[in-house]
Amino acid sequence: MAKGEKGPKGKKITLKVAKNCIKITFDGKKRLDLSKMGITTFPKCILRLNDVDELDLSRNLIRKIPDSISKFQNLRWLDLHSNYIDKLPESIGQMTSLLYLNVSNNRLTSNGLPVELKQLKNIRTVNLGLNHLDSVPTTLGALKELHEVGLHDNLLNNIPVSISKLPKLKKLNIKRNPFPKPDESETFIDSIRRLENLYLVEEKDLCAACLRKCQNARDKLNRIKNMAMTTPRKTIFPNLISPNSMAKDSWEDWRICSTSS
């Protein structure tokens, strides 16, 4: 944004509004859901609700996350996807209760990921897809509890070996990155026998255009699979008693018929 330009005026979030956005999840956790509200600035008033277990600020217009977010010491689930964030605060390393972190579809660069991420010793899911990362922070290799990692749609040309050595890693998505060799990503994937594709954003979280693109890709894949599974039926000649190129499978029947005649 050019100097002197004013950004879009977002919805003002008051403490009263925020309190009304607290929901109880199916497993009894308190979730503060402020997604899709046109918020442009992190609402400081929500710091007074720091006893929540989950915080959803996704699909807004937020550009900066303040250091004060670390006051959410009980937070287990943090969703910031689809904003304009280009840097995470160093204080995020103090949120050691975090199990889930989604910052996909932002403007993060590799320099915008603090080394303090390595302090999130309990985290299991991290989605960094759809950003501007040109390298994977080696700090991810220190997160031994990681089960799922999303690095798709970035500017990556290699993946650190430390990622493949994560003891509990089950799902990884590194698709659509400019790897030097076409088969490099496949080679890396093959090195993890437990690997599956990872899609951390649910259908309801996607915009109409993105959802349509995913559905078209899925339909195309299903058509290819169906074509592969469909095999042409062989023509059967039950009364044929002389062998030729179309009756190789009936050779034994022909031999028996010839002998009896």
Side-chain angles (χ1 to χ4, degrees), residues 7-108 112-114 116-117 119-131 143 145-150 198-208 210-211:
K9 187 176 181 180
K11 181 176 180 179
K12 184 177 180 180
I13 302 298
T14 64
L15 183 59
K16 182 178 179 180
V17 170
K19 285 182 177 179
N20 290 333
C21 292
I22 293 179
K23 304 174 181 178
I24 303 300
T25 65
F26 71 93
D27 56 349
K29 304 299 182 182
K30 291 172 65 176
R31 175 184 295 180
L32 176 53
D33 187 354
L34 297 175
S35 62
K36 296 185 293 185
M37 297 186 72
I39 302 171
T40 57
T41 305
F42 184 91
K44 293 182 179 179
C45 66
I46 68 174
L47 296 174
R48 297 174 63 179
L49 303 175
N50 58 8
D51 62 333
V52 297
D53 304 292
E54 303 181 0
L55 176 59
D56 189 350
L57 285 167
S58 66
R59 292 164 289 177
N60 281 296
L61 306 168
I62 299 172
R63 296 178 180 276
K64 183 179 179 181
I65 301 299
D67 287 324
S68 56
I69 196 173
S70 62
K71 291 185 178 180
F72 287 92
Q73 283 296 300
N74 297 327
L75 211 62
R76 295 158 48 91
W77 191 91
L78 178 59
D79 195 344
L80 300 172
H81 87 263
S82 303
N83 279 284
Y84 296 102
I85 302 165
D86 59 9
K87 183 180 180 180
L88 294 179
E90 296 176 358
S91 63
I92 198 169
Q94 300 172 27
M95 303 172 70
T96 54
S97 295
L98 269 184
L99 300 178
Y100 173 96
L101 175 63
N102 188 355
V103 289
S104 65
N105 196 23
N106 275 285
R107 296 180 176 178
L108 289 169
L113 298 178
E116 285 78 9
L117 282 174
Q119 298 173 19
L120 303 178
K121 299 297 185 182
N122 296 309
I123 201 157
R124 297 182 181 179
T125 299
V126 173
N127 192 353
L128 296 168
L130 288 163
N131 278 290
L143 304 178
E145 293 298 318
L146 269 179
H147 286 63
E148 306 175 349
V149 178
L198 176 61
Y199 301 96
L200 293 177
V201 181
E202 299 180 8
E203 287 188 2
K204 64 181 178 63
D205 293 332
L206 293 171
C207 65
C210 294
L211 178 58

*Asks:* Consider side-chain contact (heavy atoms from CB on, under 4.5 Å). Of Ile123, Ile92, Val126, which one does Leu117 pass it with?
*Replies:* Ile92
*Asks:* Less than 4.5 Å apart, any side-chain heavy atom of Glu54 and any of Thr25?
*Replies:* yes
*Asks:* Calculate, to the nearest 0.5 Å, the distance between atoms CG and OG1 belonging to Leu143 and Thr125 respectively.
*Replies:* 11.5 Å
*Asks:* Of all residues at least two apart in sequence or in a different chain, which pass the side chain to side chain donor-acceptor pair (under 3.5 Å) check with Asn83?
*Replies:* none
*Asks:* Take Lys121 and Thr96, measure what side chain to side chain contact (heavy atoms under 4.5 Å, CB included) needs, and give me the verdict at the end.
*Replies:* CA-CA 7 Å; Lys121 299 297 185 182; Thr96 54; over 6 Å; no
*Asks:* Sorted by first residue and then second, give each side-chain hydrogen bond (donor to acceptor under 3.5 Å, both in side chains) pair with at least one member in residues 66-77; sequence neighbours left out.
*Replies:* none
*Asks:* Is any side-chain heavy atom of Leu49 closer than 4.5 Å to a side-chain heavy atom of Lys19?
*Replies:* yes
*Asks:* Could you check whether any side-chain N or O of Asp53 sits under 3.5 Å from a backbone N or O of Leu75, counting only pairs where one atom can act as donor and the other as acceptor?
*Replies:* no
*Asks:* Check whether any side-chain N or O of Asn106 sits under 3.5 Å from a backbone N or O of Leu108 as a donor-acceptor pair, and report yes or no.
*Replies:* no
*Asks:* Mind checking the OG-CG spacing from Ser35 to Asp79? Nearest 0.5 Å is all I need.
*Replies:* 8.0 Å
*Asks:* Rounded to the nearest 0.5 Å, what separates atom CZ in Arg124 from atom NE2 in His147?
*Replies:* 5.5 Å
*Asks:* If you compare all heavy atoms of Val17 against all heavy atoms of Ile13, which two are closest, and at what distance to 0.1 Å?
*Replies:* CG1-CD1, 4.2 Å
*Asks:* Between Pro89 and Pro114, what is the shortest heavy-atom contact and its length?
*Replies:* O-CG, 3.6 Å
*Asks:* Taking everything shown except Lys44 itself, do over 12 heavy atoms lie less than 6.0 Å from its NZ?
*Replies:* no
*Asks:* Does a side-chain heavy-atom distance below 4.5 Å link Leu99 with Asn122?
*Replies:* yes
*Asks:* Answer whether the closest heavy-atom distance between the side chains of Ser91 and Ile69 falls below 4.5 Å.
*Replies:* yes
*Asks:* Is any side-chain heavy atom of Ile24 less than 4.5 Å from a side-chain heavy atom of Lys30?
*Replies:* yes
*Asks:* Please check if the side chain of Asn131 supplies one atom and the backbone of Gly129 the other of a donor-acceptor pair under 3.5 Å.
*Replies:* yes
*Asks:* Salt bridge (Lys or Arg N to Asp or Glu O under 4.0 Å): which pairs involve residues 82-97, sequence neighbours left out?
*Replies:* none
*Asks:* What I'd like to find out is whether the side chain of Arg107 reaches to under 4.5 Å of the side chain of Arg63, using heavy atoms alone.
*Replies:* yes
*Asks:* Please examine the side chains of Leu34 and Pro43, heavy atoms only from C-beta on, and report whether any two atoms are closer than 4.5 Å.
*Replies:* yes
*Asks:* Just wondering, do Ile62 and Leu80 contact through their side chains at under 4.5 Å, heavy atoms?
*Replies:* no
*Asks:* Do Leu113 and Leu128 pass the side chain to side chain contact (heavy atoms under 4.5 Å, CB included) test, and can you show the C-alpha distance, the side-chain angles, and the key distance before you say yes or no?
*Replies:* CA-CA 10 Å; Leu113 298 178; Leu128 296 168; 4.2 Å; yes
*Asks:* Can you check side chain to side chain contact (heavy atoms under 4.5 Å, CB included) on Arg48 and Leu15, steps first, answer last?
*Replies:* CA-CA 8 Å; Arg48 297 174 63 179; Leu15 183 59; 3.6 Å; yes
*Asks:* Drop me the distance from Phe72's CZ to Leu47's CG, to the nearest 0.5 angstrom.
*Replies:* 5.5 Å
*Asks:* Can you tell me how far NZ of Lys16 sits from SG of Cys45, rounded to the nearest 0.5 angstrom?
*Replies:* 13.5 Å
*Asks:* Got a second to check how far Thr40's OG1 is from Leu61's CG, nearest 0.5 Å?
*Replies:* 6.5 Å
